[in-house]
2 protein chains.
Amino acid sequence: MRQYIKENRIKGTRLLQKMVQEPSTRGEESGAQAVVIEKCRELGFEMDIWEIGGDGLAGHPAFCSDRSNFKGNPNAVGIMRGTGGGKSMILNGHIDVVPAGDVKDWDREPYSGYIESGKLYGRGSTDMKGGTASLLMAMEAIKNSGIKLKGDVIFQSVIEEESGGAGSLATVLRGYKADAAIIPEPTNMKLFPKQQGSMWFRISVKGKGAHGGTRYEGVNAIEKAMLVIDRLRKLEMERNERITDPFFDSIPIPIPINIGKIQAGDWPSSVPDLAIIEGRMGVAPNETQEDAKREMAEALSHISNADSWLEENTPVLEWFGASWLPGDLDPEHELIKVLSESFKGVKEREPLIEASPWATDGGILSKVGGIPVVVFGPGVTETAHQANEYIRLEDVFESAEIIALTLLKWCEISE
Amino acid sequence: MRQYIKENRIKGTRLLQKMVQEPSTRGEESGAQAVVIEKCRELGFEMDIWEIGGDGLAGHPAFCSDRSNFKGNPNAVGIMRGTGGGKSMILNGHIDVVPAGDVKDWDREPYSGYIESGKLYGRGSTDMKGGTASLLMAMEAIKNSGIKLKGDVIFQSVIEEESGGAGSLATVLRGYKADAAIIPEPTNMKLFPKQQGSMWFRISVKGKGAHGGTRYEGVNAIEKAMLVIDRLRKLEMERNERITDPFFDSIPIPIPINIGKIQAGDWPSSVPDLAIIEGRMGVAPNETQEDAKREMAEALSHISNADSWLEENTPVLEWFGASWLPGDLDPEHELIKVLSESFKGVKEREPLIEASPWATDGGILSKVGGIPVVVFGPGVTETAHQANEYIRLEDVFESAEIIALTLLKWCEISE
């Protein structure tokens, strides 16, 4: 494996570069998906390419999407069929990327795929086209080394991960199951058997309009929103104090409540009468989304006994847009053992095993599909969703090698 | 006067209604201005209608506008020429109105001019087409009663008051001066010899982006903006503790700092890296705008010794858009005496004399034009800039009568 991957670094790099150069933001996934599908065809996989939306998708309790139309931007599954008798493995990567943000913050064009000092730059390089490239390189290495596996390897390139996982849910509902799954999100090559779930919330805080010169005649919605934010910070602290799982020991805030947006007012001289806060609430691997939602609703109903305005004008809480189920695999599971051994074989040290600070499609594959899932991949979270996102190519190659070794052990080599 | 105004209430009401029914937001002032000009022509005034922008307007230190083009939306001045030998009077009203805001907050269409229970509804009814209507009714009453005045009455219907006073500045630069000026902004028929000035500010607060699941790797610009807002509240307190002028005794916050807008973030799952606050800073009648600006800059440079992020990333302060000079007339001035007597003649009680909680074009007429200015008019500030803005018609008629009596005394009746 090592030899093949080493000799085919340029080929792997070009594949990743082509994927990054296709901007696959929501509703625009088809271009990057085409690059992936072309590679699968080249490798002779059995292909299943379909526009999601059927199979009772929208009616499923775990379905979460405000997108009305998935036409033209398919899910793609490529199967490297085994000879039989081995355990099967799903390799899952999402093709969608978050928006590039302010182009001015980027040193180069956001989808450049520019390479410098061993780093490949561009939106999606780390989250998670680098991971997907490592999957394809691993499968290619096995295939082109003339090795046949007993178990099936089911490669999935899905849409909608960044917005709630409808793409992965669609694979489960279409019948794709396996004995294990690896999702190469950017864990910096740590193993994450447990994943934080998350949900998006919107809180509307009422004020009372007035002319800014007589602002005391109004109630400033921004000031009231600040009390709400203070309460959310307190709730975050309360929730995190309860987390005792040692897998979260090195994570400063295991299940954060992120305040991602605020918007209030439309005229500098007026007292704003409405503030809208949007954010993301982390869900612990061992709690349900419903319990977390209830806890936030409870907190908002008693923000401050001292504030009679908020007492009478309870902030309105909505859950909207994205939502990801938490994942919770036993760290003693065989999958963790096999992946750890492969890691040691390549990196010559024990891997770090932690809980993920963010949600992935692993929640859907495990909670809905009943599939044991580990999240493991190249790239560091710090650069994901940021300007100048990049991935170290060396990490992509090492991950490819570790995944290839894992497949050989998990699915077994057919003589 | 009383008799004429009483008999012509319906005529006056229709005039105001027509003015309100012409939405004269910024850049759309011409329709309402046409209604005013038509009335001036009917009364036989000497008319001066011009598109502002010449006379060195844009280069003047008091010029404040981000509008590039005033074409098609003229200022209008109508002069009721006196026979000579009397004191002159400027009557100044602005024709521009602030945006209607969310139409859903209005019980009726925002420019309906609907009348119910003696109140006329619509954006601009109080701020300040009701006041302008009272000026026109006062002048009509004098004219149609066959009275000739010695002094000139210079009626001005100006644009741009809501955005910094470029319209009134243009009248001064065109040479319009007088021995006194009345601006019938909604004072609820109190006399305001002193007016708060004001300026718009924008504060950009930097954060550091990160994925919401690892929010501790970023710096939330919203949380830092909250510290900035706390500092502004403290600055407001410090500044208002210094105000000892008894004219502000009944005003809870004589020179408020209003936080009018905040905008931060564009994705619920990301830590926002920039928050932008916009607002309005009040300026005391006896201070300069420059001193007030310096004080805010000073405050922002030392927000919190405990916060090293803000220490290293000082919020960026800009002054933009609107700016109004404060006004400061001696309460013993003859104009206040004459207006007070007229008020007593109509209302049979002493008027309340206070400082205005907001800025008007009075600052420009007094500080740039050197004209003694009092702000006095019908309507209450509470409804200005709000949904369901209205004015009590009775107040418009009474104001018209008080202004008419003031003109008779100030400009003197010619035999």
Side-chain angles (χ1 to χ4, degrees), chain A residues 98-99 101-102 105 127 162 196 198 200-202 209-217 220 222-223 225-226 229-230 233 251-253 256-275 277-280 282 320-322 356-359 381-382 384-387, chain B residues 98-99 101-102 105 127 162 196 198 200-202 209-217 220 222-223 225-226 229-230 233 251-253 256-275 277-280 282 320-322 356-359 381-382 384-387:
Chain A
V98 297
D102 192 341
D105 294 339
D127 186 9
E162 296 289 358
Q196 188 191 128
S198 71
W200 286 1
F201 59 86
R202 181 182 293 127
H211 188 289
T214 51
R215 74 167 191 80
Y216 39 83
E217 287 167 359
N220 195 316
I222 296 172
E223 295 185 8
M226 286 166 65
I229 291 172
D230 283 340
R233 277 212 206 97
I251 298 177
I253 309 172
I257 296 177
N258 182 61
I259 311 298
K261 282 179 75 169
I262 186 167
Q263 164 88 59
D266 54 10
W267 193 256
S269 295
S270 296
V271 175
D273 61 359
L274 180 67
I277 299 165
E278 287 181 7
R280 170 198 184 278
F320 78 109
S356 91
W358 22 254
T381 324
E382 285 85 336
H385 295 215
Q386 300 314 308
Chain B
V98 296
D102 192 341
D105 294 338
D127 186 10
E162 295 289 357
Q196 187 191 130
S198 72
W200 284 2
F201 59 86
R202 179 183 294 128
H211 188 288
T214 50
R215 72 168 193 80
Y216 38 84
E217 289 168 359
N220 194 315
I222 296 171
E223 294 185 9
M226 285 167 65
I229 291 172
D230 283 340
R233 278 211 205 97
I251 298 178
I253 308 174
I257 296 177
N258 183 61
I259 311 297
K261 282 178 75 169
I262 186 167
Q263 163 88 61
D266 54 10
W267 193 258
S269 293
S270 296
V271 175
D273 62 0
L274 180 66
I277 300 164
E278 288 181 6
R280 170 199 183 277
F320 77 108
S356 91
W358 21 253
T381 324
E382 285 86 336
H385 295 214
Q386 300 312 309

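Every chain is numbered from 1, with letters handed out A, B, ... down the list of sequences.
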Using non-hydrogen atoms and a 4.5 Å limit, figure out which bit of [X] sits close to chain A: side chain, backbone, both or neither.
| X | value |
| --- | --- |
| S198(B) | neither |
| E217(B) | side chain |
| I222(B) | side chain |

Of all of [options], which one pairs up most often with chain B through heavy atoms under 4.5 Å apart?
| options | result |
| --- | --- |
| A275(A), A210(A), G321(A), A387(A) | A210(A) |
| V98(A), I277(A), N220(A) | N220(A) |
| G209(A), P252(A), P272(A), G282(A) | P252(A) |
| Q196(A), E278(A), R233(A) | R233(A) |

For residues 259-269 of chain B, run the donor-acceptor check on the side chains, cut-off 3.5 Å, and write out each pair with its distance to 0.1 Å, sequence neighbours left out.
{"unit_1": "Q263(B)", "atom_1": "OE1", "unit_2": "Q263(A)", "atom_2": "NE2", "d": "3.4"}
{"unit_1": "Q263(B)", "atom_1": "NE2", "unit_2": "Q263(A)", "atom_2": "OE1", "d": "3.4"}
{"unit_1": "S269(B)", "atom_1": "OG", "unit_2": "W200(A)", "atom_2": "NE1", "d": "2.7"}

Nearest non-hydrogen partners of P256(A) and G213(B), listed with the distance: CG-O, 3.3 Å
Is there side-chain contact between [X] and [Y], with heavy atoms separated by less than 4.5 Å?
| X | Y | value |
| --- | --- | --- |
| D273(B) | D105(A) | yes |
| R280(B) | R215(A) | no |
| E382(B) | T214(A) | no |
| H385(B) | V271(A) | no |

Under the ring-ring contact (aromatic ring centres under 6.0 Å, His included) test, residues paired with Y216(B) that sit two or more places apart: none
Side chain, backbone, both or neither: which part of [X] has an atom under 4.5 Å from a heavy atom of chain B?
| X | value |
| --- | --- |
| I257(A) | backbone |
| R202(A) | neither |
| F320(A) | side chain |

Most contacts with chain A, counted as non-hydrogen pairs under 4.5 angstrom, among S270(B), A384(B), A359(B), S356(B): S270(B)
Interatomic spacing from CG in N258(A) to NE2 in H211(B) - rounded to 0.5 Å: 9.0 Å
